[in-house]
Amino acid sequence: MSVQRVAAVAGFACAGLLVVNAARRGGLLPETAFTHAIAPFAALTGLLAITGIYLLIRVRAGALGLVGYVLNSAGLAGAFAVEYTLHFVFPYLGGGTVSELLAGGRGGRSW
């Protein structure tokens with residue numbers, strides 16, 4: 001499979017998953033184990049899509065294109081990590097533990 005085809009498939013998969021995520025959050029689709037399981041993969045397929053696109057334009061994009069690609073990749077990798085944690089880690093932790101983690105590094109205390 002060529003780079004263009006992989007990037008295109010990843011881009012369409014990303015778009016489809018983003019629509020499903022938006023519909024789930026908006027109440028158009030039910031909250032099921034399946035819709036929760038596929039939620040993090042929108043960012044992952046987006047990462048594959050922008051990698052394929054960057055590989056196609058890297059010569060013309062130059063250093064500024066590389067900086068943009070790296071920043072966009074870092075953002076999508078962070079979004080994937082957050083979505084993965086929300087959908088695959090937090091459901092197995094107790095409510096108190098999740099609240100403690102979300103309170104921040106200092107546990108919500110002001111020093």
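Side chains included, hydrogens not; waters and symmetry mates left out as well; all remaining heavy atoms used. As the structure is a prediction and not an experimental result, all values here were calculated from the model. In what follows, residues are counted from 1 in the order of the sequence shown.
Contacts of Val6 classified as side chain to side chain contact (heavy atoms under 4.5 Å, CB included), with partners at least two apart in sequence or in another chain: Met1. Listed by chain and residue number, Val89, Phe90 satisfy the side chain to side chain contact (heavy atoms under 4.5 Å, CB included) test with Thr85 (two or more places apart in sequence, or in another chain).
Under the 4.5 Å side-chain heavy-atom criterion for grouping Ile, Leu, Val, Met, Phe, Trp and Tyr, Val82 is not connected to Leu18 through any hydrophobic cluster. Tracing side-chain contacts under 4.5 Å through hydrophobic residues (I, L, V, M, F, W, Y), one reaches Leu44 starting from Phe88; they form part of the same cluster.
Of all the heavy atoms in Ala49 and Ala10, the pair that sits closest is N-CB, 3.7 Å. Closest heavy-atom contact between Gly52 and Ala7: CA-CB, 3.8 Å.
Screening residues 6-26 for ring-ring contact (aromatic ring centres under 6.0 Å, His included), with sequence neighbours left out, gives no hits. For residues 62-74, no pair satisfies salt bridge (charged side-chain N to carboxylate O under 4.0 Å, His left out), with sequence neighbours left out.
Taking CG of Leu76 as the start and CD1 of Ile50 as the end, the distance is 5.0 Å to the nearest 0.5 Å. If you take CG on Leu48 and CD1 on Ile53, they are separated by 11.0 Å, rounding to the nearest 0.5 Å.
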Determine all donor-acceptor pairs shorter than 3.5 Å in which one atom belongs to a side chain in residues 55-69; sequence neighbours excluded.
unit_1 : atom_1 : unit_2 : atom_2 : d
Arg58  : NH1    : Leu55  : O      : 2.8
Tyr69  : OH     : Thr51  : OG1    : 2.9

Could you list the donor-acceptor pairs under 3.5 angstrom formed by side chains in residues 19-42, with sequence neighbours left out?
unit_1 : atom_1 : unit_2 : atom_2 : d
Asn21  : ND2    : Ala39  : O      : 3.2
Arg24  : NH1    : Glu31  : OE1    : 3.4
Arg25  : NH2    : Glu83  : OE1    : 3.4
Arg25  : NH2    : Glu83  : OE2    : 2.7
Glu31  : OE1    : His36  : NE2    : 2.6
Thr32  : OG1    : Phe34  : N      : 3.4
Thr32  : OG1    : Thr35  : N      : 3.2
Thr32  : OG1    : Thr35  : OG1    : 3.3
Thr35  : OG1    : Pro30  : O      : 3.3
Thr35  : OG1    : Thr32  : N      : 2.9
Thr35  : OG1    : Thr32  : O      : 3.0
His36  : ND1    : His87  : ND1    : 2.8

